[in-house]
Amino acid sequence: MRIATWNINSITARLPRLLGWLESSGTDVVCVQETKCSDEQFPYDELRELGYEAAVNADGRWNGVALISRVGLADVVKGLPGGPAYEGVQEPRAVSATCGGKVRLWSVYVPNGREVGHPHYAYKLQWFEALRAAVADNAAGELPFAVLGDYNVAPADEDVWDLSAFEGQTHVTAPEREALAALRGTGLTDVVPRPLKYDHPFTYWDYRQLGFPKNRGMRIDLVYGNGPFAKAVSDAYVDREERKGKGASDHAPVVVDLDV
DNA sequence: ATGCCGCTAAATTAGCGA
C-alpha cells in the first residue's frame, strides 16, 4: 500500500495537480492539509472518477484536512477529540479513518503558532497535548497506526536550511520540540523519508526569494507511526518533483510504502 | 533548469502562512 501526506495549499487551486499526481504516483491513500474549502466545495466527484473516496473535515476559507483513499475508509472521526478551540472556534485540523481495513491513519494540520508568546502559540502547544492524549491508545495498539501531516515544527536543527534564520521564531523552539517528543513517547517513531536530491529531506520551501531553487527548506511534514506501522515501511521519500513548476504547492508530498 | 509569493473572500485590499 502506498500512502502519502501533502499540504496542498488549497485543494481547489491544486486539483489538476492532485489528480495528475494520484494517477502518476499510484498512491492509495493521501492525507491532505490546507484544503481551504467548505465541505460543499470539496471535489468529491472529480476524485470519485479516479476511484477515490474522501473523509473530509473542512469548513471554509482556512485550514481543512482530508483522507483520500482508493482502498476504502472506515470508522471516520472528524476533528481532534478534546482539542482546544481558538477564539471560540473548533478549527478543522484533524480527520482519521481506518484505510483498507489494515492501517489507521490521521491527517493533521497543527496550528502555526504565528509568534512565540502569541495566543496562537499557546493554542499550538495545547493542540499538541490534546493530540498526544487522543492517539495514545492507538499508538500502543497492534494495528498499524500513524499520524501524518503538517506538524509546523522542525524536529531538529538540521531540519531547517539555516537555523540562524529562525532564531526566536516558531517551529524550532524547545516547547514545540518537547511536544513532538511527548507525542513520540506514546509509542510513535519519526519515519524519516529519503530526499531525492541534496542531503536532507526537506518538505517545505517558501514561495518567496527562490526558496526552492536555493533549497532553503524545512522538514515539517512528518509521519509518526507506531511499531507495527514502522515495521511495515519498505520505503519513504519526499516527492520533490511535485514542488516544481507553475501551480505547485509550497509543500511536497511525503510518500510511504507499506507492506500490509 | 527548480526561478524571485500564492491562496481566499471580499474587495479594489487584508489575513494567513512558516
Side-chain angles (χ1 to χ4, degrees), chain A residues 5-18 21 32-43 56 58-66 86-87 89 91-93 108-125 127-128 149-177 179-180 195-222 237-254:
Chain A
T5 182
W6 190 13
N7 180 322
I8 51 174
N9 185 16
S10 170
I11 198 167
T12 306
R14 215 66 55 217
L15 190 59
R17 286 189 76 128
L18 173 63
W21 181 80
V32 296
Q33 301 86 37
E34 286 208 82
T35 58
K36 292 186 172 178
C37 68
S38 64
D39 193 58
E40 293 74 24
Q41 295 166 318
F42 193 88
V56 177
D59 67 4
R61 184 178 184 182
W62 307 116
N63 313 306
V65 291
Y86 186 70
E87 295 182 339
V89 177
E91 298 176 316
R93 294 181 176 275
V108 300
Y109 178 49
V110 177
N112 171 288
R114 298 185 186 163
E115 295 173 20
V116 177
H118 191 285
H120 210 262
Y121 180 80
Y123 168 57
K124 181 179 193 173
L125 297 177
W127 204 92
F128 264 121
D150 181 351
Y151 280 67
N152 272 320
V153 180
D157 290 353
E158 59 265 31
D159 292 318
V160 297
W161 61 277
D162 180 2
L163 191 60
S164 68
F166 293 88
E167 192 173 335
Q169 306 293 311
T170 60
H171 294 62
V172 298
T173 68
E176 290 168 287
R177 288 176 172 173
L180 285 184
L196 295 186
K197 189 176 180 182
Y198 303 121
D199 61 353
H200 202 75
F202 295 141
T203 65
Y204 161 86
W205 299 261
D206 199 298
Y207 283 126
R208 292 165 286 191
Q209 299 177 310
L210 295 170
F212 184 58
K214 292 181 176 176
N215 199 32
R216 294 178 172 176
M218 306 173 75
R219 187 173 79 91
I220 53 175
D221 299 273
L222 308 177
Y237 62 92
V238 181
D239 188 357
R240 69 186 305 283
E241 295 300 310
E242 197 53 40
R243 180 62 180 77
K244 297 180 180 179
K246 187 174 175 63
S249 171
D250 43 2
H251 297 249
V254 177

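The figures that follow rest on heavy atoms only: side chains count, while hydrogens, waters and symmetry mates do not. Each chain gets a letter, A, B and so on, in the order its sequence line appears, and its residues count up from 1.
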- Message: Please report the distance separating the P of B/dG15 from the corresponding atom of B/dA11, rounded so that it comes out in whole Å.
- Response: 12 Å
- Message: So A/T170, base contact, sugar-phosphate only, or nothing? Heavy-atom distance under 4.0 Å.
- Response: nothing
- Check the distance between B/dT8's C1' and A/D59's CG and give it to me in whole angstrom. 13 Å
- Task: Grab the two heavy atoms, one from A/M218 and one from A/V160, that are nearest each other, plus how far apart they are.
- Result: CE-CG1, 4.0 Å
- Rounded to the nearest angstrom, tell me the gap between atom OH in A/Y207 and atom C1' in B/dT2. 14 Å
- Query: Between B/dA10 and B/dC4, how far is it from one P atom to the other, in whole Å?
  - Reply: 30 Å
- Classify the nucleic acid contact of A/D221 as base, sugar-phosphate or nothing, counting any heavy atom under 4.0 Å across all strands shown. nothing
- Task: Pick base, sugar-phosphate or nothing for A/W62, based on heavy-atom distances below 4.0 Å to the nucleic acid.
- Result: base
- Query: In whole Å, what is the span from the CD atom of A/E115 to the C1' atom of B/dG17?
  - Reply: 13 Å
- Message: Would you compute the distance between atom NE2 of A/H171 and atom OG1 of A/T173 and round it to the nearest 0.5 angstrom?
- Response: 10.0 Å
- Message: Just to be sure I understand the rule, does A/N152 reach a base, reach only the sugar-phosphate, or reach nothing, if contact means heavy atoms closer than 4.0 Å?
- Response: sugar-phosphate
- Residues A/D157 and A/R177 bridged, charged N to O under 4.0 Å: yes
- Give A/F166 one of three labels, base, sugar-phosphate or nothing, depending on what nucleic acid heavy atoms sit under 4.0 Å from its own. nothing
- Item | Selection from B/dT2, B/dC7, B/dG17 that lies nearest to any side-chain heavy atom of A/Y198 | B/dT2
- Roughly, in whole Å, what's the span from NZ in A/K36 to P in B/dA14? 18 Å
- Query: Does a donor on one side chain sit under 3.5 Å from an acceptor on the other, for A/N9 and A/K36?
  - Reply: yes
- Query: P atom, B/dT8 versus B/dA18: distance in rounded Å?
  - Reply: 15 Å
- Rounded distance (nearest 0.5 Å) linking atom OH of A/Y121 with atom CD of A/E176: 4.5 Å
- Given B/dG3, B/dG17, B/dC7, which nucleotide is nearest the side-chain atoms of A/L210? B/dG3
- Item | Sugar-phosphate, base or nothing in reach of A/E241, heavy atoms under 4.0 Å | nothing
- Output the single nucleotide from B/dG17, B/dA9, B/dA18 whose closest atom is nearest the side chain of A/H120. B/dG17
- Message: Rounded to whole Å, how long is the line connecting atom CZ of A/R93 with atom P of B/dC16?
- Response: 11 Å
- Task: Would you mind classifying the nucleic acid contact of A/Y151 as base, sugar-phosphate or nothing, using non-hydrogen atoms under 4.0 angstrom?
- Result: nothing
- Contact class for A/R216 vs. all strands (heavy atom < 4.0 Å): base, sugar-phosphate, or nothing? nothing
- Message: With rounding to the nearest 0.5 angstrom, report the OH to CG distance, A/Y109 to A/D150.
- Response: 6.0 Å
- Item | Nucleotide B/dG6, atom C1' - distance to NZ of A/K246 in whole Å | 11 Å
- Nearest-nucleotide wise, let me know which of A/Q169 and A/T12 is further upstream toward the 5' end of DNA chain B. A/T12
- Query: Counting only side-chain N and O atoms of A/R14, is one of them less than 4.0 Å from OP1 or OP2 of B/dC7?
  - Reply: yes
- Heavy-atom pair of closest approach, residues A/V108 and A/Q33: O-CG, 3.2 Å
- Query: Is the distance from OP1 or OP2 of B/dA18 to the nearest side-chain N or O of A/N112 less than 4.0 Å?
  - Reply: yes
- To the nearest Å, how far apart are A/R208 CZ and B/dT2 C1'? 18 Å
- Nearest to the side chain of A/F212 - B/dC5, B/dT2, B/dC7? B/dT2
- Message: Using heavy-atom distances to pick each residue's nearest nucleotide on DNA chain B, tell me which of A/Y204 and A/K197 is more 5'.
- Response: A/K197
- Message: Rounded to whole Å, please give me the gap between OH in A/Y121 and P in B/dG17.
- Response: 16 Å
- Message: Regarding A/E176, tell me which of base, sugar-phosphate or nothing describes its non-hydrogen contacts under 4.0 Å with the strands shown.
- Response: nothing
- Pick base, sugar-phosphate or nothing for A/G245, based on heavy-atom distances below 4.0 Å to the nucleic acid. sugar-phosphate
